[in-house]
Amino acid sequence: MSKLHPVIAMTGSSGAGTTFVKRTFEGIFRREQIKAAIIEGDSFHSVTRNQFKQRSKEEPNFSHFGPGANDFHALEALFKAYGERGSGKKRYYLHNDQEAQEHTERLAAKGITTTAGSGEFTPWEELEADTDILFYEGLHGLVLDTSATQKYGGYNVAQYVDLGIGVVPSVNLEWIQKIHRDHAERGYSAEATVDTILRRMPDYINHITPQFSRTDINFQRVPTVDTSNPFIARDIPTQDESLVVIRFRDPKKFNTDFPYLLAMIHDSFMSRRNSIVVPGGKMTLAMELILNPIIHDMLEARSQ
């Protein structure tokens, strides 16, 4: 944990809606004039796209959810270095040719030459100097496995996180979102996405799900329409067709003011002593009301 150089990790599986939450954070940073070092979880994969395809043929359950396809030690080293010195190394995973061209030009302006193309990585580079906060968005912001039998050497990324946020829709909603996103953005058929879901299920259970017990706050969107069979759903349930369950692991840690939240968010209610339920359409408002003061206090602590 670090007061001078706080680390915020937002974790959620592919198709969970983390991009929406990331934009909310970026809006907070922009309005509050916070200079954040933004880290993309994809950049800590340990295999290129072609390498992943090859390993998937050789290992039936090989997936981006598990340690075999990720460099958790490098991620742990980044969080540790940032917390201690406000520095560290990052790179980018290039999702397409356009990103490859943009980063090639950006790095060339800094005197760095790269030939990396779509499905590969840019060279490692130093984080921008004098940032206020490190913000990670990806699959593994709070991953942890220090067991003696750990095949990949053991790691504890979670220990360096000052604020952990989980984005956790109900699993059927998560699958609906992934099927629609993979088709719209990547041209995958529903059958291909289902095969991916099945292949990575062991890693989902062992490496993704446990993180949500370590997060400080979870935002779980629950649909209020029938999603019994997510594999034939024609539409993604809208925000207005959902409720959001917001769970605080320890409300005292951030002095959470539930009466204030209930007064500010119409139709919200408490479901447990540490959980508030809000209409899906009020999710952005709820996030801003909850996160703005937490981030403000983090920055105030830096000057004390």
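Below, all heavy atoms of this structure are taken into account, side chains as well, without hydrogens, waters or symmetry copies.
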S.K.: Check the orientation of Phe62 and Phe52. Use parallel for under 30°, tilted for 30 to 60°, and perpendicular for over 60°.
M.R.: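 Judged by the thresholds at 30° and 60°, the geometry between Phe62 and Phe52 is tilted.
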S.K.: So, applying ring pair (Phe, Tyr, Trp, His ring centres under 6.0 Å) with Phe72, which one of Phe65, Tyr155, Phe44 is it?
M.R.: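 Output: one option passes, namely Tyr155.
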S.K.: Of Tyr93, Tyr136, Tyr92, which meets side chain to side chain contact (heavy atoms under 4.5 Å, CB included) against Glu40?
M.R.: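 Only one of Tyr93, Tyr136, Tyr92 forms a side chain to side chain contact (heavy atoms under 4.5 Å, CB included) with Glu40, namely Tyr92.
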S.K.: Using 30° and 60° as the class boundaries, would you call the ring planes of Phe29 and Phe25 parallel, tilted or perpendicular?
M.R.: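 Answer is tilted, since the angle falls between 30° and 60°.
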S.K.: For residues Val244 and Val277, determine if any side-chain heavy atom of one lies less than 4.5 Å from a side-chain heavy atom of the other.
M.R.: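 A side-chain contact is absent here, since even the closest heavy-atom pair is not under 4.5 Å.
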S.K.: If you count heavy atoms of other groups shown closer than 6.0 angstrom to CG of Asp130, is the number above 12?
M.R.: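 Result for CG/Asp130: open.
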S.K.: Is there a donor-acceptor contact under 3.5 Å from the side chain of Glu76 to the main chain of Asn156?
M.R.: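 Between the backbone of Asn156 and the side chain of Glu76 there is a qualifying donor-acceptor contact (under 3.5 Å).
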S.K.: Using atom types as modelled and distance alone, determine if a side-chain donor or acceptor of Ser46 lies under 3.5 Å from a backbone N or O of Ala69.
M.R.: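 Here the side-chain-to-backbone pair exists.
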S.K.: Please check if the distance between the ring centroids of His64 and His45 is under 6.0 Å.
M.R.: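 Ring-ring flag for His64/His45: true, centres closer than 6.0 Å.
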S.K.: Could you tell me whether the side chain of Glu137 reaches within less than 4.5 Å of the side chain of Ile39, counting heavy atoms only?
M.R.: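 Answer no - side chains too far apart.
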S.K.: Does atom CD of Glu58 have more than 12 heavy-atom neighbours from other groups under 6.0 Å away?
M.R.: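 Buried by this count: over 12 neighbours within 6.0 Å.
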S.K.: Below 6.0 angstrom between ring centroids: does that apply to Phe254 and Phe248?
M.R.: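 Between Phe254 and Phe248, the centre distance exceeds or equals 6.0 Å.
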S.K.: Do Leu261 and Thr256 have side-chain heavy atoms sitting under 4.5 Å apart?
M.R.: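 They are in contact (side-chain heavy atoms under 4.5 Å apart), so the answer is yes.
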S.K.: Is the number of heavy atoms from other residues, nucleotides or ligands within 6.0 Å of CZ (Arg272) greater than 12?
M.R.: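 Count not over threshold, so no.
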